[in-house]
Amino acid sequence: MNDIQTRQDIEAVLTQFYTQAFADPSIGPFFTTVVPLDLDTHLPLIADFWESVVLGSRVYAKNVMEVHRQIHNIEPIRTDHLDRWVTLFTATVSKLFDGPKAELMKQRARSVATLMNMKLNHPQIGTQ
Ligand code: HEM
């Protein structure tokens with residue numbers, strides 16, 4: 001199995017991940033009902049974020065935490081939602097790729113989800 005090397009590799013992960021996420025009983029409704037996600041528009045933005053993390057070849061300037069705080073204000077993103085997100089995401093990466101960049105992508109998914117959980121669900125711990 002190869003490691004992640006190109007933008008196309010990142011898009012392959014995201015396409016598979018969102019196909020599963022949309023159909024998931026736990027987190028699917030966020031994408032289909034809470035903030036109906038038009039993947040044609042959003043996938044390039046989400047790929048920009050991951051390209052900047054994994055390949056360092058693009059600058060993603062938006063604030064991911066703020067995007068999700070706004071979703072959380074409409075429908076709470078609970079700890080179990082974030083756990084499910086991470087489980088699906090890391091399983092998708094592992095199914096397709098193997099190597100240091102694949103590990104980095106999974107590690108960053110876990111750390112962003114952990115930070116998101118702290119900020120959204122435990123704002124009294126640490127800084128907001
Ligand atoms: C249960 C957990 C999550 C849910 C339900 C969720 C849901 C969403 C939704 C509905 C959007 C579209 C927002 C919009 O159209 O305004 C979005 C955007 C995005 N999400 Fe998540 N998300 C979750 C976790 C995460 C995590 C852990 C990460 C990163 C590790 C992440 C990365 C992104 C990025 C990069 C975008 C694009 C933001 C932009 O517009 O630039 N998400 N998410």
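Just so you know, ligand 1 is whichever comes first in the structure, and atom 1 is the first atom listed for that ligand. For the numbers below, each heavy atom of this structure counts, side chains included, while hydrogens, waters and symmetry mates do not.
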| request: Could you grab the distance from atom CZ of R108 to atom CD of E103, nearest 0.5 Å is fine? | output: 14.0 Å
| From K119 atom NZ to T114 atom OG1, the distance as rounded to the nearest 0.5 Å | 13.0 Å
| Would you call D3 and K101 a salt bridge, taking side-chain N to carboxylate O under 4.0 Å as the test? | no
| said: Check this for me: does any side-chain nitrogen of one of D83 and R110 sit under 4.0 Å from a carboxylate oxygen of the other? | reply: no
In the protein, what heavy atom is nearest to [atom], and what distance, to one decimal place, separates them?
{"atom": "atom 41 (O) of ligand 1", "answer": "Y60 OH, 2.7 Å"}
{"atom": "atom 29 (C) of ligand 1", "answer": "V112 CG1, 3.6 Å"}
{"atom": "atom 7 (C) of ligand 1", "answer": "F31 CE2, 3.3 Å"}
{"atom": "atom 12 (C) of ligand 1", "answer": "L37 CD1, 3.3 Å"}

| request: Quick one: do W85 and F17 satisfy ring pair (Phe, Tyr, Trp, His ring centres under 6.0 Å)? Show the steps, please. | output: CA-CA 9 Å; W85 191 103; F17 169 68; 5.0 Å; yes
| Going by distance only, is there an N or O of K62 that falls short of 3.5 Å from an N or O of ligand 1? | yes
| query | So is H42 polar-close to ligand 1, meaning N/O to N/O under 3.5 Å? | reply | yes
| query | With distance as the sole criterion, is a donor-acceptor pair present between the side chains of E51 and S57 under 3.5 Å? | reply | yes
| message | Less than 4.5 Å apart, side chain to side chain, heavy atoms only: is that true for L82 and V86? | response | no
| In terms of the angle between their ring planes, are F22 and Y18 parallel, tilted or perpendicular, with boundaries placed at 30° and 60°? | perpendicular
| query | Has F89 got any heavy atom lying under 4.0 angstrom from an atom of ligand 1? | reply | no
| Polar protein atoms (N, O or S) that approach atom 21 (Fe) of ligand 1 to under 2.8 Å | H68 NE2
| task | Evaluate the side chain to side chain contact (heavy atoms under 4.5 Å, CB included) criterion for residues V53 and F49: first the C-alpha distance (whole Å), next the side-chain angles of each, then the deciding distance (0.1 Å), finally the verdict. | result | CA-CA 6 Å; V53 168; F49 169 82; 4.2 Å; yes
